[in-house]
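The structure appears right after this line, and notes come after that.
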Amino acid sequence: MAKIIVVPKDKEAEYLLDYDNALPNQLVELILTEKQFDDLWNNGVFDLINKIAGTIIDDYEEEHITNLTFIRLILDELKRYPFKLADFIKMFELALEYKTSIHFYF
């Protein structure tokens, strides 16, 4: 199963995503390879997100973060990581820019 991170581009898209009715052009998607997912997992990125946002992101899980304060806190912490997370970090930046949310479909 693909590991996809999704950010709705506006509040309408966020609403439609909840009902699986969002159109592809209303969303920004990041599809993670198994290696990318494993690197994030093994380096504690999802543990960090779970700790800050009170989520349960893991393999075979769907989760989302709607609280922009949590998204900002996570973004600030991710920027401190010593390895390359540019595409992953960009998703959090977009959620803040669009004032929407970030969704994890694993």
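All of these numbers come straight from a predicted model, not from anything done at the bench.
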Inset, instruction - With Lys3 as the cation and Tyr60 as the aromatic partner, state whether NZ or CZ is under 6.0 Å from the six-membered ring centre and within 45° of the axis. - result: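 Checked: cation-pi criterion met.
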To the nearest 0.5 Å, what is the distance between [atom1] on [X] and [atom2] on [Y]?
X: Leu40; Y: Asp47; atom1: CG; atom2: CG; result: 11.5 Å
X: Phe70; Y: Ile52; atom1: CZ; atom2: CD1; result: 9.0 Å
X: Asn67; Y: Arg72; atom1: CG; atom2: CZ; result: 12.5 Å
X: Leu78; Y: Ile71; atom1: CG; atom2: CD1; result: 11.5 Å
X: Ile56; Y: Ile49; atom1: CD1; atom2: CD1; result: 14.0 Å
X: Lys11; Y: Tyr98; atom1: NZ; atom2: OH; result: 14.0 Å

Inset, instruction - Could you check whether the rings of Phe104 and Phe46 sit parallel, tilted or perpendicular, using 30° and 60° as the cut-offs? - result: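 Perpendicular, since the angle between the ring planes exceeds 60°.
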Inset, instruction - Determine the interplanar angle of the His103 and His64 rings, folded into 0 to 90°, and report it as parallel if under 30°, tilted if 30 to 60°, perpendicular if over 60°. - result: parallel
Legend entry - Flag, side chain of Thr100 to backbone of Asp10, donor-acceptor distance under 3.5 Å: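 No: the side chain of Thr100 does not pair with the backbone of Asp10.
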Inset, instruction - For the residue pair Leu32 and Leu30, establish whether any side-chain heavy-atom pair is separated by less than 4.5 Å. - result: yes
Legend entry - Leu48 side chain reached by Tyr81 side chain, heavy atoms, under 4.5 Å: yes
Legend entry - Counterpart residues, side chain to side chain donor-acceptor pair (under 3.5 Å), relative to Thr55 (two or more places apart): Asn50
Legend entry - Nearest non-hydrogen partners of Glu61 and Asp58, listed with the distance: CB-OD1, 3.0 Å
Inset, instruction - Evaluate the salt bridge (charged side-chain N to carboxylate O under 4.0 Å, His left out) criterion for residues Glu97 and Lys9: first the C-alpha distance (whole Å), next the side-chain angles of each, then the deciding distance (0.1 Å), finally the verdict. - result: CA-CA 9 Å; Glu97 177 183 331; Lys9 292 182 178 178; over 6 Å; no
Inset, instruction - Let me see the working for Glu77 and Lys51 under side chain to side chain contact (heavy atoms under 4.5 Å, CB included), right down to the final yes or no. - result: CA-CA 12 Å; Glu77 289 297 319; Lys51 181 179 175 185; over 6 Å; no
Say whether [X] and [Y] are linked into one hydrophobic cluster, either directly or through other cluster members, by side-chain heavy-atom distances under 4.5 angstrom.
X: Ile65; Y: Tyr15; result: no
X: Leu68; Y: Met91; result: yes
X: Phe37; Y: Ile74; result: yes

Inset, instruction - State whether a side-chain donor-acceptor pair under 3.5 Å links Glu14 with Ser101. - result: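 Result is yes, a qualifying pair exists.
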Inset, instruction - Assess whether salt bridge (charged side-chain N to carboxylate O under 4.0 Å, His left out) is satisfied between Arg80 and Asp76, documenting all intermediate values. - result: CA-CA 7 Å; Arg80 298 178 194 190; Asp76 291 344; over 6 Å; no
Legend entry - ILVMFWY clustering at 4.5 Å (side-chain atoms), partners of Leu27: Ile4, Val6, Leu17, Ile31, Tyr105
Inset, instruction - Check step by step if side chain to side chain contact (heavy atoms under 4.5 Å, CB included) holds for Val7 and Phe92. - result: CA-CA 8 Å; Val7 173; Phe92 286 86; over 6 Å; no
